[in-house]
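Working notes for the structure below.
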Amino acid sequence: QVLLAESGGGLVQAGGSLRLSCAASGRAISAYHMAWFRQAPGKERELVAASSYGGRTLYVGSAKGRFTISRDNAKNTMILQMYSLTPEDTAVYFCAAQYGATWTPGGEYDYWGQGTQVTVSS
């Protein structure tokens, strides 16, 4: 079992940056495909960025060109660096882990963190 804990959320002004961390325990994230999701009030949870254990990355929608997903396997941590934030980025951000040989970013995830709130003021 993998336990995931997000941190780094907070309140930031539009145009600012935030760095979210997802600390894993129980198993090494190097064995998992990982991803960041977000859920804004009144909206469904959506995929933001994903990282395969083989090193591939995927960005969805407005995250392209503004967000960077990365891993520090030595620290068993995944990072989401976010730049040029807008109020539309306001959401609870979740990290998730997917086990399996085939990377399916839009598929089912096996483990989830509790989320961290990101609020971007205009």
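Everything quoted here is computed from the prediction, not taken from an experiment.
Rounding to the nearest 0.5 angstrom, the gap separating the CE atom in M34 from the OH atom in Y53 is 14.0 Å. Rounded to the nearest 0.5 Å, atoms CD (Q1) and CG (D110) are 11.0 Å apart. Taking CZ of R45 as the reference point, atom CZ of R38 lies at 14.0 Å (rounded to 0.5 Å). With rounding to the nearest 0.5 angstrom, the CG atom of D72 is 11.5 Å from the OG atom of S30.
Counting heavy atoms from C-beta on, the side chains of V118 and M82 come closer than 4.5 Å. Side-chain atoms of Q98 and E108, non-hydrogen and from C-beta on, never get closer than 4.5 Å to each other. Put simply, the side chain of I29 reaches to within 4.5 Å of the side chain of R71, judged on heavy atoms. Side chains of Q117 and L11 form no contact here, defined as non-hydrogen atoms less than 4.5 Å apart. Put simply, the side chain of D89 reaches to within 4.5 Å of the side chain of R66, judged on heavy atoms.
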Would you check, one step at a time, whether the test side-chain contact (heavy atoms from CB on, under 4.5 Å) holds for Y93 with E6? CA-CA 8 Å; Y93 284 70; E6 303 91 341; over 6 Å; no
Residue pair Y111, L3: steps toward the side-chain contact (heavy atoms from CB on, under 4.5 Å) verdict: CA-CA 7 Å; Y111 303 103; L3 297 178; over 6 Å; no
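The main-chain N or O of R27 is found under 3.5 Å from a side-chain atom of N76 such that the two form a donor-acceptor pair. In this structure, the side chain of T90 engages the main chain of V120 through a donor-acceptor pair within 3.5 Å.
Across all their heavy atoms, L80 and A49 have their closest contact at CD1-CB, 4.3 Å. Of all heavy-atom pairs between A14 and S122, the closest is CB-CA, 4.3 Å. What you find for Y109 and A35 is that their closest heavy atoms are OH-CB, 3.4 Å. Between P105 and L58, the closest heavy-atom pair is CB-CD2, 3.5 Å. The minimum heavy-atom distance between G115 and V92, with the atom names listed, is CA-CG1, 3.8 Å.
Tracing side-chain contacts under 4.5 Å through hydrophobic residues (I, L, V, M, F, W, Y), one never reaches F37 starting from I79; they form parts of separate clusters. Following chains of ILVMFWY side-chain contacts shorter than 4.5 Å, one can reach V12 starting from L20, so the two form part of one hydrophobic cluster. Both L4 and L18 belong to a single network of hydrophobic side chains, linked directly or stepwise wherever heavy atoms of I, L, V, M, F, W or Y lie under 4.5 Å apart. Taking hydrophobic clusters as Ile, Leu, Val, Met, Phe, Trp and Tyr residues chained together by side-chain heavy-atom distances below 4.5 Å, I69 shares a cluster with V48.
Classification of the H33-W103 ring pair by plane angle, with boundaries at 30° and 60°, yields tilted. Between F94 and W112, the ring planes lie perpendicular to each other; the angle is over 60°, past the 30° to 60° tilted range.
If you look at W36 and F67, their ring centroids are not closer than 6.0 Å.
Within a 6.0 Å radius of CD in Q114, no more than 12 heavy atoms belonging to other residues, nucleotides or ligands are found.
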